[in-house]
Amino acid sequence: MKTNLYSTLDVTLPKNEKNAVIYLKNIETPLGTMIACAGESGICMLEFSDRKSLGTELEEISRHFGAQIIPGESSVFATLEEELQEYFNGERKMFSVPLSPVGTDFQKKVWEVLLKIPYGTSTSYREQATILGNPKAVRAVANANGLNKISILIPCHRIIGSNGTLTGYGGGIWRKQKLLELEKAILI
């Protein structure tokens with residue numbers, strides 16, 4: 001499936017800041033409950049509540065920021081909820097809520113490529129690795145995509161197999177299919 005990965009979207013992931021508290025909130029979506037976490041810099045996690053690695057991800061976020069994760073309201077949650085609702089209603093193609101992803105420099109580079117995949121399109125791990133300048137790094141790119149803790153906003157659901165098949169997705173293949181159908185990237 002041919003895609004245009006050279007969008008004019010200019011997205012820079014902010015540098016992480018140390019926070020004393022990370023706020024956690026449940027957000028209901030048409031595809032199930034999501035867990036959002038945010039500190040002063042923005043959203044650091046948005047995952048479906050049934051993701052198997054959720055506990056590990058929360059521990060990594062807490063350790064990274066040297067922060068306690070507690071239920072509460074972050075200043076960015078209202079924007080996140082509004083933008084997610086617009087997205088699921090088919091009214092939003094790009095998100096403006098600030099992000100504060102937790103990962104290695106390589107992972108963040110991989111996620112920056114994800115942010116540039118236009119709404120309504122999909123690409124492969126191989127194409128993503130090629131954009132990063134190392135076409136042989138397909139497995140490393142796939143692994144980094146799998147470690148993305150900010151679902152939907154950093155759209156790892158837009159990555160499919162080189163043969164056009166749906167590949168792994170932390171939220172479940174059925175959700176990946178629904179997200180791609182919503183964006184009209186594929187119809188199965």
Side-chain angles (χ1 to χ4, degrees), residues 7 9-62 64-65 67-103 107-108 111-122 145-159 169-185:
S7 71
L9 181 61
D10 181 26
V11 177
T12 304
L13 299 178
K15 293 191 178 352
N16 293 319
E17 298 172 10
K18 297 292 180 188
N19 296 306
V21 173
I22 298 292
Y23 294 105
L24 179 143
K25 180 174 186 171
N26 290 346
I27 297 176
E28 297 302 324
T29 76
L31 298 181
T33 303
M34 296 190 82
I35 308 295
C37 288
E40 294 175 10
S41 300
I43 301 297
C44 55
M45 188 178 85
L46 181 64
E47 290 282 20
F48 289 99
S49 63
D50 58 356
R51 182 168 168 120
K52 290 178 181 143
S53 62
L54 192 60
T56 303
E57 290 180 359
L58 289 168
E59 288 173 13
E60 184 180 350
I61 289 168
S62 176
H64 175 81
F65 289 107
Q68 180 181 12
I69 298 176
I70 61 170
E73 284 294 328
S74 165
S75 60
V76 296
F77 284 158
T79 301
L80 173 63
E81 289 179 285
E82 179 181 333
E83 290 186 0
L84 279 174
Q85 182 176 357
E86 291 169 353
Y87 171 80
F88 281 110
N89 289 339
E91 302 163 353
R92 176 170 289 278
K93 294 181 179 182
M94 293 174 56
F95 295 94
S96 66
V97 64
L99 304 179
S100 185
V102 174
Q107 290 166 346
K108 289 179 183 180
W111 302 335
E112 286 174 2
V113 172
L114 290 173
L115 286 167
K116 294 177 182 174
I117 300 172
Y119 179 95
T121 65
S122 59
N145 283 343
L147 295 172
N148 171 26
K149 296 170 196 60
I150 307 177
S151 297
I152 301 174
L153 307 181
I154 298 179
C156 54
H157 62 276
R158 294 181 187 154
I159 302 297
Y169 182 65
I173 292 291
W174 72 272
R175 284 190 179 114
K176 182 175 196 161
Q177 180 176 335
K178 293 294 184 189
L179 291 168
L180 291 172
E181 288 174 354
L182 173 74
E183 296 181 10
K184 296 178 180 40

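All values derive from a computational prediction rather than experimental measurement. All residue numbers in this chain count up from 1 along the given sequence.
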State whether the side chain of Ser151 and the backbone N or O of Leu46 hold a donor-acceptor pair below 3.5 Å, judged by distance alone. yes
Quick check for you: to the nearest 0.5 Å, what is the distance between Ile152 atom CD1 and Leu31 atom CG? 6.5 Å
Minimum heavy-atom distance between Cys37 and Leu24, given as atom pair plus value: SG-CD1, 3.9 Å
Treating Gln107 as the side-chain partner and Leu147 as the backbone partner, does any N or O pair qualify as donor plus acceptor under 3.5 Å? no
Give me the atom names and distance for the closest heavy-atom approach of Phe77 to Ala38. CE2-CB, 3.7 Å
Could you give the distance from CG (Leu84) to CZ (Phe95), rounded to the nearest 0.5 Å? 5.5 Å
Could you pull out the closest heavy-atom pair between Gly103 and Trp111, with the gap in Å? CA-CH2, 3.9 Å
Roughly how far, to the nearest 0.5 Å, is NZ of Lys178 from OG1 of Thr29? 12.5 Å
Which heavy atom of Leu58 sits nearest to which heavy atom of Ile69, and what is that distance? O-CD1, 3.3 Å
Counterpart residues, salt bridge (charged side-chain N to carboxylate O under 4.0 Å, His left out), relative to Lys149 (two or more places apart): Glu60
If the condition is salt bridge (charged side-chain N to carboxylate O under 4.0 Å, His left out), which residues does Lys25 pass it with, not counting sequence neighbours? Glu73, Glu81
Results of salt bridge (charged side-chain N to carboxylate O under 4.0 Å, His left out) for Glu59 - residues two or more places apart only: none
Would you compute the distance between atom NZ of Lys176 and atom CG of Leu180 and round it to the nearest 0.5 angstrom? 7.0 Å
Less than 4.5 Å apart, any side-chain heavy atom of Asn26 and any of Ser49? no
Testing Asn148, Ile22, Val102, Leu54 for side chain to side chain contact (heavy atoms under 4.5 Å, CB included) with Met45, which one passes? Leu54
Closest non-hydrogen atom pair, Ser41 against Ser100: CB-OG, 3.6 Å
Closest approach of Val97 to Val76 (non-hydrogen atoms, all atoms of both residues): CG2-O, 3.9 Å
Return the CE to CD distance between Met94 and Glu83, rounded to the nearest 0.5 Å. 10.0 Å
With no hydrogens and no angle check, is any side-chain donor or acceptor of Ser62 less than 3.5 Å from a backbone partner on Ala67? yes
Just so I know, are the side chains of Phe65 and Val21 near enough to count as touching, which here means a heavy-atom distance under 4.5 Å? no
Do side-chain atoms of Arg175 reach the backbone of Gly171 as a donor and acceptor pair under 3.5 angstrom? yes
Flag if over 12 foreign heavy atoms under 6.0 Å of CZ, Phe48: yes
Distance check, rounded to the nearest 0.5 Å: Met34 atom CE versus Ile27 atom CD1? 8.0 Å
Contact between Tyr119 and Lys184 at the side-chain level, heavy atoms closer than 4.5 Å - yes or no? no
State, yes or no, whether a side-chain contact exists between Leu115 and Pro155 at a heavy-atom distance under 4.5 Å. yes
